[in-house]
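Count residues from 1 along the sequence.
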Amino acid sequence: MARRFRALIAHPHVEALGELAELLGGLGLVVETARSTVEALNKLRSQPAHVIVATHVSGTFDGVGLLEGSVLHAPEALRIALVSSPDEAVELDYRPAHGGTVIRLVAKASERSRLVALVGEGMKFLALVEDQRDLVRRLSADQAKLQRREVLLDTVVKERTKELEESYEKLKAANRQALFGLAEAIEAKDPYTKGHCGRVAAYSLVLAKAAGYPAEGLESLEFGAFLHDIGKIGIRDAVLLKPGPLDDTEWAHMREHPTKGFDIASKIEMLHPILPAVRNHHERWDGSGYPDGMVGEDIPLVARIVAIADAYDAMSTDRPYKQALALDECEAMLRKTAGKMYDPHLIDVFVTQHLGALYRADYEDLPYDDGAVASS
């Protein structure tokens, strides 16, 4: 039987409520609406929701306060604040840690369809969590039955093993899609780096394979590369999207994204294997990096690999403040930084084998990829 999730939408205007309810209803959600924050909280008290969407207009409709108050009644819900510009809902930049995670979606009335993609990815993640809980419950029940029987036939073991392997493969595929959704949420904060997560994962994989990285660790490395910048979700828009150079205060805030990412990933059990890639991809070979000032081989290998892939992609793609460099210019820059910023052995592998000219076709059709595949 298909699982049904509930959504609550809070907006002061009836027309907007109807439009939003129709959009989310198309995803199979059971949708409730409220025209005031008081009405919304009353509905949450009687029936918790899995997805909570609230419009926020400073001084007019306190959607952020509603979302924070909803933590008490729906602690695991996906909370989304709809704002019409980055200047709205600045309260999100100064929220207390106990307020729960709130995603700010900047979308005008004509752009509300963007909400569908975000909620769709959130529902995949919610379904994954429920599937994992169901699996644990089923395994616990089965284990109790087996203990009472005392004798387990060999055929039963084989059949159950096959079922668990199939369940694991399904969960594994769902995990991958959930991680892709998180990567998309990161890039939604900064449209100028569209496809960056996928490219960094691609370059990290080809470098790891060329450097003899253990095959059993490649999947975790791939996920770590995808989510290396997850902490940028916690960086203020005014800093992340600033078109010019950052001042000292802004730069200090930007440098917090590895530790913010570490804090986020550490709360999700399936992300624990990728923590070094998230926290330490800005460490430098000579110890001048951050946040931990690690030196040389003390830096986790996965973080050293992702750091090179991250640097190469930054050099080889257009940004608002610079044009992309050619492959030979990028390789020359990497050679110059070997032994200072990056692992000299890994730089030698990357440059000697011209890995910057390679790109994994696996990422070409992902929904968040811009399709800009480097030609070999």
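Under a hydrophobic-cluster definition in which Ile, Leu, Val, Met, Phe, Trp and Tyr are linked whenever side-chain heavy atoms come within less than 4.5 Å, directly or via other members, Leu346 and Trp285 are assigned to different clusters. Under a hydrophobic-cluster definition in which Ile, Leu, Val, Met, Phe, Trp and Tyr are linked whenever side-chain heavy atoms come within less than 4.5 Å, directly or via other members, Leu207 and Leu218 are assigned to the same cluster. Residues Val64 and Val38 do not share a hydrophobic cluster, defined by chaining ILVMFWY side chains whose heavy atoms lie under 4.5 Å apart. Note: the hydrophobic cluster containing Leu240 also contains Tyr290 (ILVMFWY, side chain heavy atoms under 4.5 Å, direct or indirect links). Criterion: ILVMFWY side-chain heavy atoms under 4.5 Å apart, direct or through other members. Under it, Leu78 and Val31 are part of a common hydrophobic cluster.
Screening residues 22-45 for ring-ring contact (aromatic ring centres under 6.0 Å, His included) gives no qualifying pairs among residues at least two apart or on separate chains. Contacts classified as ring-ring contact (aromatic ring centres under 6.0 Å, His included) and involving residues 236-263 (residues at least two apart or in different chains) are given here: His257-His281, His257-His282. Residue pairs meeting the salt bridge (Lys or Arg N to Asp or Glu O under 4.0 Å) criterion with at least one partner in residues 346-356, sequence neighbours excluded, are Arg335-Asp348. Among pairs with a residue in residues 12-47, those fulfilling ring-ring contact (aromatic ring centres under 6.0 Å, His included) read His11-His13, at least two apart in sequence or across chains. Sorted by first and then second residue, the pairs that involve residues 32-61 and meet salt bridge (Lys or Arg N to Asp or Glu O under 4.0 Å), not counting sequence neighbours, are Arg6-Glu32, Glu32-Lys43, Glu39-Lys43.
Partners of Tyr342 according to the ring pair (Phe, Tyr, Trp, His ring centres under 6.0 Å) rule, which considers only residues two or more places apart in sequence or in another chain, do not exist here. Considering only residues two or more places apart in sequence or on other chains, Ser288 meets the side-chain contact (heavy atoms from CB on, under 4.5 Å) condition with Arg284, Asp286. Partners of His354 according to the ring pair (Phe, Tyr, Trp, His ring centres under 6.0 Å) rule, which considers only residues two or more places apart in sequence or in another chain, do not exist here. When the salt bridge (charged side-chain N to carboxylate O under 4.0 Å, His left out) test is applied to Asp292, the partners found at least two apart in sequence or on another chain are Arg279. Every side-chain contact (heavy atoms from CB on, under 4.5 Å) that Ala49 has, sequence neighbours left out, goes to Leu8, Leu44, Ile52. By the side-chain contact (heavy atoms from CB on, under 4.5 Å) test, Asp247 pairs with Thr249, Glu250, sequence neighbours left out.
Residue-environment remark: CE (Met333) stays at or below the threshold of 12 foreign heavy atoms within 6.0 Å.
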With a 3.5 Å cut-off and sequence neighbours excluded, list the donor-acceptor pairs that the side chains of residues 297-309 form with protein atoms.
unit_1	atom_1	unit_2	atom_2	d
Arg304	NE	Ile299	O	2.9
Arg304	NH1	Asp343	OD2	2.7
Arg304	NH2	Ile299	O	3.3

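Summarising the geometry, atom NE2 belonging to His345 is positioned 11.0 Å from atom CD1 belonging to Ile347; distances are rounded to the nearest 0.5 Å. Atom CG of Leu41 sits about 9.0 Å away from atom CG of Leu72, to the nearest 0.5 Å. With rounding to the nearest 0.5 Å, the separation of NZ in Lys232 from NZ in Lys260 is 13.5 Å. Expressed to the nearest 0.5 Å, how far CG of Asp313 lies from OG of Ser204 amounts to 9.5 Å. Here CD of Glu222 is found 10.0 Å from CG of Leu227. Values are rounded to the nearest 0.5 Å. A distance of 7.5 Å separates CG of Leu115 from CD1 of Ile9, quoted to the nearest 0.5 Å.
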* To do: Apply the test side chain to side chain contact (heavy atoms under 4.5 Å, CB included) to residues Leu20 and Leu82: give CA-CA distance (whole Å), side-chain angles for both, the deciding distance (0.1 Å), then the verdict.
  => CA-CA 11 Å; Leu20 292 170; Leu82 282 179; 4.1 Å; yes
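For the residue pair Pro258 and Arg255, the shortest heavy atom distance occurs at CD-O, 3.2 Å. Looking at every heavy atom in both residues, Ala40 comes nearest to Ala10 through CB-CB, 4.3 Å. Here the closest non-hydrogen pair linking Gly287 and Val295 is CA-CG2, 3.6 Å. Shown here for Ala210 and Val349, the closest heavy-atom pair between the two residues is CB-CG1, 3.6 Å.
Residues Val119 and Leu29 form a side-chain contact, since some pair of their non-hydrogen atoms from C-beta on lies under 4.5 Å apart. Using a 4.5 Å cut-off on side-chain heavy atoms (C-beta onward), Leu327 and Glu331 make contact. Tyr312 is not listed as a side-chain neighbour of Leu325, based on a closest heavy-atom distance of 4.5 Å or more. The closest side-chain heavy-atom distance from Asp62 to His56 is below 4.5 Å.
Side chain of Lys267 to backbone of Asp263: a donor-acceptor contact under 3.5 angstrom is found. Between the side chain of His228 and the backbone N or O of Ala225 there is at least one donor-acceptor pair closer than 3.5 Å.
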